A.B. asks: 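First the structure, which I've put down as structure tokens, then a few questions once you've had a look.
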Amino acid sequence: MKNLGISADLLDALLETANIGVGRAAASLCELTGRPVEISVPELVIFKIDQPIQMADLRTGTVLRVAQRFYQGLNGHALLLLNESGAKQVAKLILSEEIDVDAFGETEQSALLELCNIMINGVMGSIANQLDILLSYDVPFLDLKGVEDFGDLVADLLPNETGQIVFMQAALTISAETVHGYIVMVLDEVNLATLLACLAHKI
Amino acid sequence: MKLLIVDDSSFARRKLKQALLLAKPNLEIVEACDGEDALQKIVSEIPDYCITDLVMPKMDGISFLNEVKTRGLAVKVVVASADIQEQRRKECSELGAAGFFEKPLTAAKITGLLAALES
């Protein structure tokens, strides 16, 4: 990771703050699917919008993306990304019924949107609680995107002039299922600075 | 007893309806997909109780709670939301919500939610 000028203590506090939220999201996913869920420790990555970055488990094919903008105390986007076949398996698990494996119907989309909404709010709400800030959210949306690299998953969410963003990501897998995904928080540098200032005030 | 579920997610409405009817089979349940729809249903259906989500299109749950309070509507409202922020919970309480329950709603939370409505 490129040096962000963040002290080791502050970076540790930032990732631990995110980790608590990610743990909460994992618990919700586990509760709704009835399957053990593994989530990696979050990492912070600097990303130039024109620089390809691949996400190992989503390297090829179509990705289900749920995106939710947050604003007020902090401005950015939270994403939940799942491989297409994994998303269908998750829908099947939470609907407890067979679904058409070739299509995402309204029922499956509604179920996945609600699940991802719960997970994203678990992460962001936990961070907000720890930092004593208040976040407001737009209604989340879901789409399927063919991706070559991470830029394809965020380019349409960002202003044209955006050059560099920072994201915190945690990888997730569901045991015994081929479900791979990421929870991602996307911030520009100004909002990363805001986040770090809030955090520095707390530690 | 008539209860209004307000949530933009058809999946969330369906799951909540199933869980509520399992806990209380004689409930009469009506549904609304946002705050505006809910205000109309309160007038037309006259529910005793209401369970509302927060993040919704057209009119969100906070605005809905505010309208219920401002208009003095005789319906008891609890919030069921994925938004786990403590400040948001406090805001809902100040606007008159009788309870706040975090999604996902387990059977135990449904029991608590019904108790909050009926208390």
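Note that the structure is predicted; figures quoted are calculated from it, not measured. Throughout, protein chains are lettered first and strands after them, A, B, ... in sequence-line order, and every chain is numbered starting at 1.
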A.B. asks: Measure the CZ-OG1 distance between R14(B) and T107(A) for me, rounded to the nearest 0.5 Å.
C.D. replies: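 If I round to the nearest 0.5 Å, the distance is 6.0 Å.
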
A.B. asks: CD/Q109(A) to OG/S9(B) distance, rounded to the nearest 0.5 angstrom?
C.D. replies: 11.5 Å

A.B. asks: Is the closest side-chain donor-acceptor distance between S136(A) and R88(B) under 3.5 Å?
C.D. replies: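 Note: S136(A) and R88(B) side chains meet the donor-acceptor criterion.
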
A.B. asks: Is atom NZ of K145(A) surrounded by more than 12 heavy atoms (other residues, nucleotides or ligands) closer than 6.0 Å?
C.D. replies: yes

A.B. asks: Looking at CD1 of I118(A) and CG of D83(B), how far apart are the two atoms once the value is rounded to the nearest 0.5 Å?
C.D. replies: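 Here the rounded value is 12.0 Å.
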
A.B. asks: Please assess V139(A) against D8(B) for the test side-chain contact (heavy atoms from CB on, under 4.5 Å), listing each intermediate value before the final yes or no.
C.D. replies: CA-CA 9 Å; V139(A) 176; D8(B) 58 320; 3.8 Å; yes

A.B. asks: Start with the C-alpha gap between K15(B) and E114(A), add the side-chain angles, then the distance that decides, and say whether salt bridge (Lys or Arg N to Asp or Glu O under 4.0 Å) holds.
C.D. replies: CA-CA 11 Å; K15(B) 295 296 278 187; E114(A) 180 68 1; over 6 Å; no

A.B. asks: Just verifying a value: how many Å separate I84(B) CD1 and I127(A) CD1, rounded to the nearest 0.5 Å?
C.D. replies: 9.5 Å

A.B. asks: Roughly how far apart are Q130(A) CD and E86(B) CD, rounded to 0.5 Å?
C.D. replies: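 If we round to the nearest 0.5 Å, Q130(A):CD and E86(B):CD are 9.5 Å apart.
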
A.B. asks: Walk me through whether E102(B) and R24(A) qualify under side-chain contact (heavy atoms from CB on, under 4.5 Å).
C.D. replies: CA-CA 12 Å; E102(B) 294 171 5; R24(A) 188 175 184 117; 2.3 Å; yes

A.B. asks: Measure distances from L134(A) to the heavy atoms of chain B and classify the residue's part below 4.5 Å as side chain, backbone, both or neither.
C.D. replies: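 For L134(A), the contact with chain B is made by backbone and side chain together.
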
A.B. asks: Donor-acceptor check, side chain of Q85(B) to backbone of L135(A), threshold 3.5 angstrom: yes or no?
C.D. replies: yes

A.B. asks: Are there more than 12 heavy atoms of other residues, nucleotides or ligands under 6.0 Å from atom NZ of K2(B)?
C.D. replies: yes

A.B. asks: Please determine whether side-chain contact (heavy atoms from CB on, under 4.5 Å) holds for the pair L95(A) and F11(B), giving the CA-CA distance in whole Å, both sets of side-chain angles, and the decisive distance to 0.1 Å.
C.D. replies: CA-CA 9 Å; L95(A) 289 166; F11(B) 170 76; 3.6 Å; yes

A.B. asks: When rounded to the nearest 0.5 angstrom, what is the spacing between CG in N129(A) and CD in Q87(B)?
C.D. replies: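 N129(A) atom CG to Q87(B) atom CD measures 8.0 Å (nearest 0.5 Å).
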
